[in-house]
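Contents: one structure, followed by commentary.
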Amino acid sequence: MALKINSNRIADLISTELKTYKKETKVEEVGRVIMAGDGIARIEGLSRAMSGEMLEFPDNIYGLALNLDKDEIGAIILGEATKIQEGDPVKCTGRILEIPVGEELVGRIVDPLGRPMDNKGPIKSKQFRQIEFNAPNVISRQPVKEPLQTGIKAIDSMVPIGRGQRELVIGDRSTGKSAILLDTIINQKDSGVYCIYVVIGQKTSTIARFADKLEDVGAMEYTTIVGAPAQAPASLQYIAPYAGCALGEYFMYGGKHALVVYDDLSKHAVAYRQLSLLLRRPPGREAYPGDIFYLHSRLLERGAKLSDKLGGGSLTAIPVIETRASDISAYIPTNVISITDGQIYLETDLFNAGVRPAINAGVSVSRVGGNAQIKAMKKVAGMLRLDLAQYRELETFAKFGTELDKETQKQLARGERTVEVLKQGQYVPMSVEDQVLMIYALTNGFLDDIEIKNISRFENLYLEFMRTTNPKIIEEIKDKKDIDDELSGKLDNAINKFKEGFSA
């Protein structure tokens, strides 16, 4: 059977195709590696590359363009740098570095590029965010006025943190900085706050220990850990906090609340210094590059409480800085102190003396202050930080053995009890109502006749007594968030009744 060809039909199809044909020219700019080593590469031939642009190397390895010189580009390599050889081709991608974001990453441990590190399978996220993003402008923000409860008495009463604030945790090595961060994350359970814990330059075993503890107490249900351990390249340690911030911004711009912890920015600055020196950027003070201040300011300024028009979401940032020999006037500590809204200073001597958390009330401050506290806490703890700072001064004076007047002795006795009340074990965050009950008893003199050694037992029994016999008082504090004269009278009666049955 002969095949019949319809020439008219073929002509029509060709005519239609010709009319709809669009000539597409794909232009790719390809450069080549002229030097590679120590996690950086020098590239020639990429005249159109942008600062911060992703560059594609062979074997699906990516880099980040940092130096744009006249004849070459200096890039950091985000992967196995040993695979990149001199002469390898490099392509521009036209994209700024971005990572996957969304609720799919909650409960996971990821690296700074959003790749899983926990052997729980791939992350199927549909959304991406650039790791570098402009901070919200003045009009987009509103004042910090909503408390972010840490569950730690000493912090919530003296140096409160609000949603959208940037509060620095600073202190020497092994003074309990990470313990405060873990307790704060644990206390966010059922508060609607998503937590992102960025770990920079720590041991892999430390990251695993953090994850296990958060898993045990059920905190991984709302937490993402971004890990850039000590063995990770300096390039990944450098981008880690920006990646963590991008994860938090996803929730903030979605009208939700996020807490991002950067542990710690001292190691982040060291990683950036290493990369900058390798890229031959001019060194400045302590060999840090000239833009070291901008490195942290552009990160921490992204923490904000957005206006109601933009959804009212918040991103609270808690950076950590490790000092050496308690020197808070060093270069990086002073930089970060000037960027943040206050600092919590942990002192080695207090830590060694058994005061946990070892917060120095005189140096620690929250520049948001009472705005980040409920009215009840503001009333009972208003002068607590000042009184404790004065007690520390008097304590030093009293060591000389001089004769003290009754008023000074009374102040010293109250100070000793304040220190004892503010002591708190790890992984036992307290509700704000329990904190108010205990600090009310302290500041109103109900503990003045209790021996120091019995304060801890008094606290446990007193709070148990209030929960079992006076739950309405606790509910009233919870609902009103204030203590009026009527409630104050009820509290006085309840404490006096408890003290009648409390045996020292």
Side-chain angles (χ1 to χ4, degrees), residues 36-42 51-52 54-55 61-67 74-82 84 97 99 109-115 117 131-132 168-170 173 177-178 181 196-204 206-207 210 225-247 260-300 302 317-324 330-336 339:
D38 297 319
I40 65 130
R42 295 187 187 284
S51 178
M54 284 174 72
L55 305 175
I61 295 171
Y62 286 92
L64 194 65
L66 282 192
N67 273 20
I76 58 173
I77 300 162
L78 305 170
E80 289 187 54
T82 51
I84 294 170
L97 183 60
I99 63 157
I109 305 171
V110 298
D111 74 356
L113 294 173
R115 300 174 299 200
M117 296 172 69
I131 67 162
E132 295 273 10
L168 171 65
V169 175
I170 185 168
R173 189 172 176 274
K177 298 186 296 296
S178 296
L181 307 177
I196 294 97
Y197 193 3
V198 183
V199 190
I200 308 161
Q202 310 257 19
K203 292 179 289 186
T204 310
T206 305
I207 299 175
F210 289 164
I225 296 178
V226 179
Q231 81 268 22
S235 55
L236 290 182
Q237 292 185 39
Y238 158 61
I239 67 168
Y242 301 103
C245 191
L247 292 173
V260 187
V261 171
Y262 307 108
D263 189 7
D264 66 68
L265 291 188
S266 308
K267 293 185 177 73
H268 177 237
V270 167
Y272 185 61
R273 176 173 64 182
Q274 178 185 327
L275 293 171
S276 297
L277 291 172
L278 287 166
L279 290 167
R280 297 181 191 167
R281 289 183 169 182
R285 181 176 162 188
E286 293 180 27
Y288 287 106
D291 64 340
I292 194 72
F293 182 89
Y294 179 57
L295 177 79
H296 290 148
S297 64
R298 75 174 190 264
L299 169 71
L300 296 171
R302 288 159 74 178
I318 303 185
V320 178
I321 288 289
E322 187 177 294
T323 54
R324 292 183 181 180
Y331 190 28
I332 300 301
T334 48
N335 273 356
V336 183
I339 298 164

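If you're wondering where the values come from, they're calculated on a predicted model, not measured in any experiment.
- Side chains of Val336 and Leu300 form a contact here, defined as non-hydrogen atoms less than 4.5 Å apart.
- Contact annotation: the side chain of Ile332 never approaches that of Leu265 to less than 4.5 Å [non-hydrogen atoms, C-beta and beyond].
- Annotation: the span from Cys245 atom SG to Arg298 atom CZ amounts to 11.0 Å, rounded to 0.5 Å.
- Taking the charged nitrogens against the carboxylate oxygens, Arg273 and Glu286 have no contact shorter than 4.0 Å, which rules out a salt bridge.
- His296 and Ala269 make their closest contact through CE1-CB, 3.9 Å (heavy atoms, listed as atom of the first residue, atom of the second, distance).
- Here the straight-line distance linking atom CD1 of Ile321 with atom CD1 of Ile170 works out to 6.5 Å at 0.5 Å rounding.
- Arg281 has its side chain within reach of Asn67: a pair of non-hydrogen atoms, C-beta onward, lies under 4.5 Å apart.
- In this structure, the side chains of Tyr272 and Asp291 come closer than 4.5 Å at one or more pairs of heavy atoms.
- Scanning both residues, Val226 and Gly244, for their nearest heavy atoms gives CG2-CA, 4.2 Å.
- Atoms CG and OH, from Leu181 and Tyr262 in turn, are 12.5 Å apart once rounded to the nearest 0.5 Å.
- Less than 6.0 angstrom separates the ring centroid of His268 from the ring centroid of Tyr242.
- Residues Leu247 and Ile99 meet the side-chain proximity criterion, which asks for heavy atoms closer than 4.5 Å.
- Counting heavy atoms from C-beta outward, Asp263 and Phe210 have side chains that approach closer than 4.5 Å.
- Across all non-hydrogen atoms, the minimal contact from Ile131 to Ala243 is CG2-CA, 4.0 Å.
- Between the CD atom in Gln237 and the NZ atom in Lys267 there is a gap of 9.0 Å [rounded to 0.5 Å].
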Exercise for the section: Mind running side chain to side chain contact (heavy atoms under 4.5 Å, CB included) on Leu236 and Leu78 for me, showing each step along the way? Expected result: CA-CA 6 Å; Leu236 290 182; Leu78 305 170; 4.3 Å; yes

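- Thr206 is not listed as a side-chain neighbour of Val199, based on a closest heavy-atom distance of 4.5 Å or more.
- At most 12 non-hydrogen atoms from other residues, nucleotides or ligands lie less than 6.0 angstrom from CZ of Arg173.
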Practice task
Could you walk me through whether Tyr238 and Leu66 pass the side chain to side chain contact (heavy atoms under 4.5 Å, CB included) test, one step at a time?
Solution key: CA-CA 12 Å; Tyr238 158 61; Leu66 282 192; 4.2 Å; yes

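- Contact between Pro229 and Met117 at its shortest, heavy atoms only, is CD-CE, 4.2 Å.
- To the nearest 0.5 angstrom, Ile40 atom CD1 is 8.5 Å from Leu275 atom CG.
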Problem - Intermediate values then yes/no, side chain to side chain contact (heavy atoms under 4.5 Å, CB included), Leu64 and Tyr62 - result: CA-CA 7 Å; Leu64 194 65; Tyr62 286 92; over 6 Å; no

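- For the pair Ile239 and Pro112, the tightest heavy-atom approach, listed with the atom from each and the gap, is CG1-CB, 3.7 Å.
- What you find for Ala65 and Leu55 is that their closest heavy atoms are CB-CD1, 4.1 Å.
- Summarising the geometry, atom CD1 belonging to Ile109 is positioned 12.0 Å from atom OH belonging to Tyr197; distances are rounded to the nearest 0.5 Å.
- Proximity of Leu97 to Leu113: side-chain heavy atoms (C-beta onward) are separated by under 4.5 Å at one or more points.
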